Amino acid sequence: DIANIACGGHAGDQYSADYYKALAKKHAVKISVHLSYPDKINFGRELMAIDDKALLNSLDQQYKLLSDVKTLKLHGALYNEANRNKELAQLLISWAESAGIKEVLSPQNSEIAKACYQAERINIIHEVFLDRNYNYRDNSLCLKSRNEAGAMIEHTSEAIKQYQNFCNGLLIIDSKEYKIRADTGCVHSDSVNALELLRALKGV
């Protein structure tokens, strides 16, 4: 339903962005710009020491590849850090406002979501992850780090069960139920069961 298209930060280039944009349009799939730290070596999944100006310049360059798209999803380490770092979240949402972004994919109660509520002109699409396990820490839900055992849900049946729980507004961790808002569920394209899971969800 939504294709998050990399724009050169962690992966991709103008050719791939144009290709997947055309493919998404052909199949009536919504597009988001998938922006990240400029770090292809680590696929954008490692925290990066970068000053604000350099980061925003990179986002400007990435966004040029799909500048007509007004839905944003951050990627990897930038996504995770912005969800918990208030100053970074405010910096990024200020940039998003200036770029004309209208929607942002983000978990409930994240700093990104709070910054969007304050911005007023940007809507939040509350996001959950179908192929990732969660922890409950410091009175909040968060993804298990990829460095932790069991971070990824590799069995399709388990991912579908989590999806069904999300549809009921629940996340279950160690048999305990937590309420969660889920407007959309993410499947990573490099997950081992990504295609199988998507086919099962779509019934194709």
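The figures here come from the full heavy-atom set of this structure, side chains too, leaving out hydrogens, waters and symmetry mates. All of these numbers come straight from a predicted model, not from anything done at the bench.
- Inspection of the N135 and E148 side chains reveals an N or O donor paired with an N or O acceptor under 3.5 Å.
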Atom pairs and distances, donor-acceptor, side-chain atoms in residues 179-186, under 3.5 Å, two or more places apart:
{"unit_1": "R181", "atom_1": "NE", "unit_2": "H126", "atom_2": "ND1", "d": "3.2"}
{"unit_1": "D183", "atom_1": "OD2", "unit_2": "H126", "atom_2": "N", "d": "2.8"}
{"unit_1": "D183", "atom_1": "OD2", "unit_2": "H126", "atom_2": "ND1", "d": "2.9"}

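- The cationic group of K144 does not satisfy the cation-pi geometry with Y134, failing either the under 6.0 Å distance to the six-membered ring centre or the 45° limit from the ring axis.
- At a threshold of 4.5 Å between non-hydrogen side-chain atoms, the residues H155 and E196 do not count as touching.
- Ring geometry for H10 versus H34: interplanar angle over 60°, hence perpendicular rather than tilted (30 to 60°).
- Two residues are said to be in side-chain contact when any heavy atoms from C-beta on lie closer than 4.5 Å; L66 and K21 meet this criterion.
- Between Y79 and F129, the gap from one ring centroid to the other is short of 6.0 Å.
- A pairwise comparison of heavy atoms in Q108 and L141 identifies NE2-CD1, 4.2 Å as the closest pair.
- Between F166 and L171, some side-chain heavy-atom pair lies under the 4.5 Å cut-off.
- Counting all heavy atoms, side chain and backbone alike, M48 lies closest to P38 at CE-O, 3.4 Å.
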Under the side-chain contact (heavy atoms from CB on, under 4.5 Å) criterion, do I5 and V33 qualify, and how do the steps go? CA-CA 5 Å; I5 300 179; V33 289; over 6 Å; no
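- Side-chain contact between L55 and D51 is absent, with no heavy-atom pair separated by less than 4.5 Å.
- Under the 4.5 Å side-chain heavy-atom criterion for ILVMFWY residues, no single connected hydrophobic cluster contains both L65 and L56.
- Cluster membership check: M152 does not share its hydrophobic cluster with I172, using side-chain heavy-atom separations under 4.5 Å among Ile, Leu, Val, Met, Phe, Trp and Tyr.
- We find that D1 and K202 are joined by a salt bridge, their nearest charged nitrogen and carboxylate oxygen being less than 4.0 Å apart.
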Run the numbers on K30 and T71 for side-chain contact (heavy atoms from CB on, under 4.5 Å), then give the verdict. CA-CA 9 Å; K30 184 184 181 80; T71 300; 3.7 Å; yes
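- Using a 4.0 Å cut-off between charged nitrogen and carboxylate oxygen, K70 and E97 do not count as a salt-bridge pair.
- Within a 6.0 Å radius of OH in Y20, other residues, nucleotides and ligands contribute 12 heavy atoms or fewer.
- A donor-acceptor contact shorter than 3.5 Å is absent between the side chain of N123 and the backbone of E103.
- Applying the 6.0 Å contact sphere to CZ of R121 captures no more than 12 heavy atoms from other residues, nucleotides or ligands.
- Of the charged side-chain nitrogens involved, at least one lies within less than 4.0 Å of a carboxylate oxygen, so that K114 and E111 count as a salt-bridged pair.
- Of the possible donor and acceptor atoms, none in the side chain of S191 sits under 3.5 Å from a partner among the backbone N and O of N193.
- Within 6.0 Å of NZ in K161 there are 12 or fewer heavy atoms belonging to other residues, nucleotides or ligands.
- Annotation for T156 and A200: closest pair CG2-CB, 4.3 Å, computed over non-hydrogen atoms.
- With hydrogens and angles disregarded, no donor-acceptor distance shorter than 3.5 Å links the side chain of Q90 to the backbone of E87.
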Can N80 and L143 be said to form a side-chain contact (heavy atoms from CB on, under 4.5 Å), step by step? CA-CA 9 Å; N80 292 330; L143 289 175; 4.3 Å; yes
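- Counting heavy atoms from C-beta on, the side chains of L35 and W95 come closer than 4.5 Å.
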Under the side-chain contact (heavy atoms from CB on, under 4.5 Å) criterion, do I153 and L130 qualify, and how do the steps go? CA-CA 8 Å; I153 300 176; L130 307 187; over 6 Å; no
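- At a threshold of 4.5 Å between non-hydrogen side-chain atoms, the residues I125 and V104 do not count as touching.
- For the pair D174 (side chain) and K176 (backbone), a donor-acceptor distance under 3.5 Å is absent.
- Q14 has its side chain out of reach of K64: every pair of non-hydrogen atoms, C-beta onward, lies at least 4.5 Å apart.
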Residues Y37, H75; criterion ring-ring contact (aromatic ring centres under 6.0 Å, His included); working and verdict: CA-CA 8 Å; Y37 286 126; H75 166 80; 9.6 Å; no
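- Residues L72 and L105 are not in side-chain contact: their nearest non-hydrogen atoms beyond the backbone lie 4.5 Å or more apart.
- Nearest heavy-atom pair across S36 and Q62 is O-NE2, 2.8 Å.
- Not a single donor-acceptor pair under 3.5 Å links the side chain of N83 to the backbone N or O of S110.
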